[in-house]
Amino acid sequence: MKPITPNHAVFFDVDDTLYDHLQPFRAALEETLGTGPDFPYEPAYHRMRYYSDFLSAEAGGTPTHGQVLDTMRTERFVRSLAEFGLTLTTGQAAAVQAAYLNRQFDIKPFPGALELIGELQAQRIVVGVITNGPPDHQWRKIQALGVDRLIPAELVFISGAVGLTKPDARLFELIAGKLGKSPEQCCYIGDSWRNDVVGAARAGWRVIWFNHRGVRPESEPHLLHAPAASYDELARLLFG
């Protein structure tokens, strides 16, 4: 991957890219289900994210409010935890979801995340955020991380506000158009193969897959991308 230059724009995903999304997941299970230290939290988390994406796609894109959103949020826990021997009632899944939401704003950025954003901006590179979800909910995370103090609101694109949801290539095309950039001048960094790599690559963007959990591509493994497992690796890819 060629180094980024000042005529480029770099956008970051939020969940499990700017911070460790596993932490609130683990805390929610420990709090509501009493899972102990031997529970396979990371594999279970990965399956929860899979079902979250799968159910969102079935709903026509990440729902942002109402019964569709509530059902998707609880059903993803029912389906994912069943694979690890935990059979949840709808009420139990709702309790896990409530605890999970409560923990999502007690978060800290990955080491090096804010520093990398600052380094990119110091080189006059446009830096922004693209994330799926309800606007208020995602904004609270961005504020909890302190990212709002670095990135202006006009460079934060939340699916629930835009009306397009990753992996829809039109979302990335819309953003490139707003910035007056060609696809080749835009780079996206995200952890989800389906939402981040597939969506951005189909739009012709440069893509860095922040695969810090060491998972395998869910589909289309031929898509052009560069892998990274840490912020040190991200910095080396971006700056050369």
Side-chain angles (χ1 to χ4, degrees), residues 12-56 62 69 72-86 88 92-117 129-134 137-147 158-159 166-167 188-198 208-218 227-234:
F12 291 81
D13 172 46
V14 174
D15 296 317
D16 220 36
T17 297
L18 289 176
Y19 74 98
D20 187 353
H21 206 192
L22 177 59
Q23 292 176 354
F25 175 82
R26 176 173 182 145
L29 266 59
E30 290 174 336
E31 176 185 333
T32 57
L33 303 177
T35 50
D38 295 330
F39 186 80
Y41 292 100
E42 188 159 343
Y45 165 79
H46 180 63
R47 294 304 290 166
M48 186 276 289
R49 288 291 300 275
Y50 167 81
Y51 282 115
S52 184
D53 291 344
F54 175 80
L55 293 166
S56 294
T62 303
L69 177 63
M72 183 275 288
R73 284 175 164 176
T74 55
E75 184 65 19
R76 63 185 178 178
F77 281 107
V78 171
R79 296 194 189 191
S80 60
L81 296 182
E83 296 183 9
F84 298 88
L86 295 177
L88 271 60
Q92 287 174 316
V96 175
Q97 170 61 27
Y100 179 58
L101 282 181
N102 289 337
R103 298 277 188 164
Q104 283 196 13
F105 309 113
D106 183 18
I107 51 179
K108 296 180 180 179
F110 277 120
L114 300 187
E115 292 81 359
L116 179 57
I117 291 172
V129 165
I130 306 172
T131 181
N132 280 353
H137 185 71
Q138 293 305 98
W139 258 116
R140 285 185 63 188
K141 293 178 188 175
I142 290 166
Q143 291 168 335
L145 294 168
V147 173
I158 303 174
S159 67
K166 297 183 298 180
Y188 190 56
I189 300 167
D191 71 292
S192 169
W193 179 266
R194 177 187 175 276
N195 282 344
D196 301 328
V197 178
V198 172
I208 299 177
W209 187 21
F210 188 50
N211 188 20
H212 59 103
R213 301 203 182 278
V215 299
R216 303 180 73 174
E218 297 169 20
S230 69
Y231 269 82
D232 285 341
E233 288 186 23
L234 283 176

Original post:
Residues two or more places apart in sequence or in another chain: which of them pass ring-ring contact (aromatic ring centres under 6.0 Å, His included) with Tyr100?
Top reply: His21, Phe77
**OP:** Only counting residues at least two apart or in another chain, list the ones meeting side-chain contact (heavy atoms from CB on, under 4.5 Å) with Ala27.
**Re:** Arg103
Original post:
In chain order, what residues pass the side-chain hydrogen bond (donor to acceptor under 3.5 Å, both in side chains) check against Tyr41, with sequence neighbours excluded?
Top reply: Thr35
**OP:** Return the set of residues passing side-chain hydrogen bond (donor to acceptor under 3.5 Å, both in side chains) with Thr32 (not counting sequence neighbours), or none when no residue passes.
**Re:** none
Subject >> Exercise: identify the closest heavy-atom pair between Ser159 and Gly133 >> reply: OG-N, 2.8 Å
**OP:** List in chain and number order the residues that pass side-chain contact (heavy atoms from CB on, under 4.5 Å) with Asp13, two or more places apart in sequence or in another chain; answer none if no residue qualifies.
**Re:** Thr17, Thr131, Lys166, Tyr188, Asp191, Asp196
**OP:** With rounding to the nearest 0.5 Å, note down the distance linking CG in Asp53 to CG in Asn132.
**Re:** 8.0 Å
**OP:** List for me each residue that meets side-chain contact (heavy atoms from CB on, under 4.5 Å) alongside Glu233, sequence neighbours excluded, and say none if there are none.
**Re:** Ala228, Ala229, Ser230, Arg236
Original post:
Could you give the distance from CZ (Phe12) to CD1 (Ile208), rounded to the nearest 0.5 Å?
Top reply: 8.0 Å
**OP:** Apply ring-ring contact (aromatic ring centres under 6.0 Å, His included) to His137 and list each qualifying residue two or more places apart in sequence or on a separate chain.
**Re:** Phe105
Original post:
Distance only, no hydrogens: is a donor on one side chain within 3.5 Å (strictly under) of an acceptor on the other, for Gln97 and Arg76?
Top reply: yes
Subject >> Close side-chain approach of Tyr45 and Ser80, heavy atoms under 4.5 Å >> reply: no
Subject >> Heavy-atom side-chain contact between Leu33 and Leu88 under 4.5 Å >> reply: yes
Original post:
Can you find a heavy atom in the side chain of Phe84 that is under 4.5 Å from one in the side chain of Pro40?
Top reply: yes
Original post:
With sequence neighbours excluded, what pairs up with Arg194 under the salt bridge (charged side-chain N to carboxylate O under 4.0 Å, His left out) test?
Top reply: none
Original post:
Can you check whether Lys108 reaches Leu145 side chain to side chain, under 4.5 Å on heavy atoms?
Top reply: no
**OP:** Scan for salt bridge (charged side-chain N to carboxylate O under 4.0 Å, His left out) pairs involving residues 15-26, sequence neighbours excluded, and state none if there are none.
**Re:** Asp15-Lys141, Asp16-Arg213, Asp20-Arg213, Arg26-Glu30
Subject >> Within-4.5 Å side-chain heavy-atom neighbours: Leu69 and Pro134 >> reply: yes
**OP:** Mind checking ring-ring contact (aromatic ring centres under 6.0 Å, His included) for Phe110 and listing every partner two or more places apart, or none if nothing turns up?
**Re:** Phe210, His212
Subject >> Sub-4.5 Å side-chain heavy-atom contact between Tyr231 and Pro111 >> reply: no
Original post:
Are side-chain heavy atoms of Leu29 and Leu81 found at a separation under 4.5 Å?
Top reply: yes
**OP:** Drop me the distance from Arg79's CZ to Tyr50's OH, to the nearest 0.5 angstrom.
**Re:** 9.0 Å
Subject >> From CD (Gln138) to CD (Gln143), nearest 0.5 Å >> reply: 11.5 Å
**OP:** List for me each residue that meets side-chain hydrogen bond (donor to acceptor under 3.5 Å, both in side chains) alongside Glu83, sequence neighbours excluded, and say none if there are none.
**Re:** Arg47, Tyr51
Original post:
Does the pair Leu101 and Arg73 meet the rule for a side-chain contact (heavy atoms from CB on, under 4.5 Å), with working shown?
Top reply: CA-CA 10 Å; Leu101 282 181; Arg73 284 175 164 176; 3.7 Å; yes
**OP:** Check whether any side-chain heavy atom of Val147 lies under 4.5 Å from a side-chain heavy atom of Tyr19, and answer yes or no.
**Re:** no
